[in-house]
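Comments concern the structure below.
Along the sequence shown, the residues carry numbers beginning at 1. These values consider heavy atoms only, across backbone and side chains, with no hydrogens, waters or symmetry-generated copies.
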Amino acid sequence: MRKIEHLGIAVKDLEKSKLLFAKLLGHDSYKTEEVESEGVKTEFFMIGESKIELLEATKENSAIAKYLEKKSEGIHHIAFAVDNIEEEVERLKSEGFEILNETPKKGADNKLVVFLHPKSTNGVLVELCQDIS
Ligand code: CO
């Protein structure tokens, strides 16, 4: 894995949180993107070499909606940049990690993404992401 690509933060109100994080970081977000298939709307901020991804649910049964129901707003996942997502999935499987989606899916910000089950990663939802070239 190369670096922390982004931290995903679950929020209830994207418009409000967008303003809050712009104030916190001292600069505006660089993109808003809806991922229809995941039932989520995202807002991205650059911070050095990494990003902050704010996530708001757009559907009642989306992963973010369920998360907010059970927990509260806050850090939802940590995403690591990888060069070859298939290779990394194979490596992690052989190390005993539980993969949530073995076939990479298209995520926000032009990425292929795979998630690891938090029960195999100390309670942390881990995302692997590879740039779509
Ligand atoms: Co993410």
Is Asn84 atom CG crowded by more than 12 heavy atoms from other residues, nucleotides or ligands, each under 6.0 Å away? yes
Atom pair CD1/CG of Ile99 and Leu128 - distance to nearest 0.5 Å: 7.0 Å
same_hphob_cluster(Ile4, Leu24) at 4.5 Å side-chain heavy-atom cutoff: yes
Mind checking what makes side-chain hydrogen bond (donor to acceptor under 3.5 Å, both in side chains) contact with Glu56, not counting sequence neighbours? none
Please answer: with hydrophobic residues joined when any side-chain heavy atoms are less than 4.5 Å apart, are Leu7 and Leu125 in the same cluster? no
Any Glu34 side-chain heavy atom under 4.5 Å of Thr58 side chain: yes
Given the rule in the side chain to side chain contact (heavy atoms under 4.5 Å, CB included) test, do Ile78 and Val124 qualify, once you have shown the distances and angles that lead to the verdict? CA-CA 7 Å; Ile78 178 166; Val124 179; 3.4 Å; yes
Taking the side chain as C-beta and beyond, is there a heavy-atom pair between Lys111 and Gln130 under 4.5 Å? no
If hydrophobic clusters are built by linking Ile, Leu, Val, Met, Phe, Trp and Tyr wherever their side-chain heavy atoms come under 4.5 Å apart, do Val89 and Phe97 end up in the same one? yes
Any side-chain heavy atom of Ile85 within less than 4.5 Å of one from Pro104? yes
When rounded to the nearest 0.5 Å, the distance separating CG of Asp131 from CG of Asp83 is 9.0 Å
Would you say Leu14 ends up clustered with Ile9 if hydrophobic residues are merged whenever their side chains have heavy atoms under 4.5 Å apart, either directly or through other cluster members? yes
Below 30° counts as parallel, above 60° as perpendicular, anything between as tilted: where do the rings of Phe44 and Tyr30 land? tilted
At what distance, to the nearest 0.5 angstrom, does CG of Asn61 lie from CD of Glu69? 10.5 Å
Out of curiosity, Leu55 CG to Leu68 CG, how far, rounded to the nearest 0.5 Å? 9.5 Å
When you look at His76 and Glu53, which way does the side chain to side chain donor-acceptor pair (under 3.5 Å) test go after all the steps? CA-CA 10 Å; His76 175 260; Glu53 172 186 38; over 6 Å; no
Can you list the steps and then say if Glu88 with Met1 is a side chain to side chain contact (heavy atoms under 4.5 Å, CB included)? CA-CA 8 Å; Glu88 203 61 19; Met1 299 191 194; 3.6 Å; yes
Classify the side-chain pair Glu43/Thr32 by whether it contains a donor and acceptor separated by less than 3.5 Å. yes
Under a 4.0 Å threshold between the charged nitrogen and the carboxylate oxygen, would Lys51 count as salt-bridged to Asp109? yes
Any non-hydrogen side-chain atom of Leu54 less than 4.5 Å from a side-chain atom of Thr42? no
Please report the interatomic distance OG(Ser62) to CD(Glu36), rounded to the nearest 0.5 Å. 11.0 Å
Can you confirm whether Lys3 is buried at NZ, in the sense that more than 12 heavy atoms of other residues, nucleotides or ligands lie under 6.0 Å from that atom? yes
side-chain hydrogen bond (donor to acceptor under 3.5 Å, both in side chains) filter on Lys59, not counting sequence neighbours, yields none
Lys18 versus Ser29: any side-chain heavy-atom pair under 4.5 Å? yes
Residues two or more places apart in sequence or in another chain: which of them pass ring-ring contact (aromatic ring centres under 6.0 Å, His included) with Phe115? His77
Counting C-beta onward and ignoring hydrogens, is there a side-chain heavy-atom pair between Leu116 and Glu98 closer than 4.5 Å? no
Taking atom CD of Glu5 and atom CZ of Phe80, what is their separation to the nearest 0.5 Å? 11.5 Å
Following the transitive rule for hydrophobic clusters with a side-chain heavy-atom cut-off under 4.5 Å over Ile, Leu, Val, Met, Phe, Trp and Tyr, establish whether Leu19 and Leu25 coincide in one cluster. no
Considering non-hydrogen atoms only, spot the tightest contact between Ser72 and Tyr67 and give its length. O-CE2, 3.6 Å
Residues Glu60 and Lys66 bridged, charged N to O under 4.0 Å: no
Counting distance only, does the side-chain N/O of Thr121 pair as donor-acceptor with the main-chain N or O of Val126 below 3.5 Å? no
Taking atom CD1 of Ile75 as the centre, does the number of heavy atoms from other residues, nucleotides or ligands within less than 6.0 Å exceed 12? no
Under a 4.0 Å N-O cut-off, is there an ion pair linking Glu102 with Lys93? yes
Donor-acceptor check, side chain of His117 to backbone of Lys119, threshold 3.5 angstrom: yes or no? yes
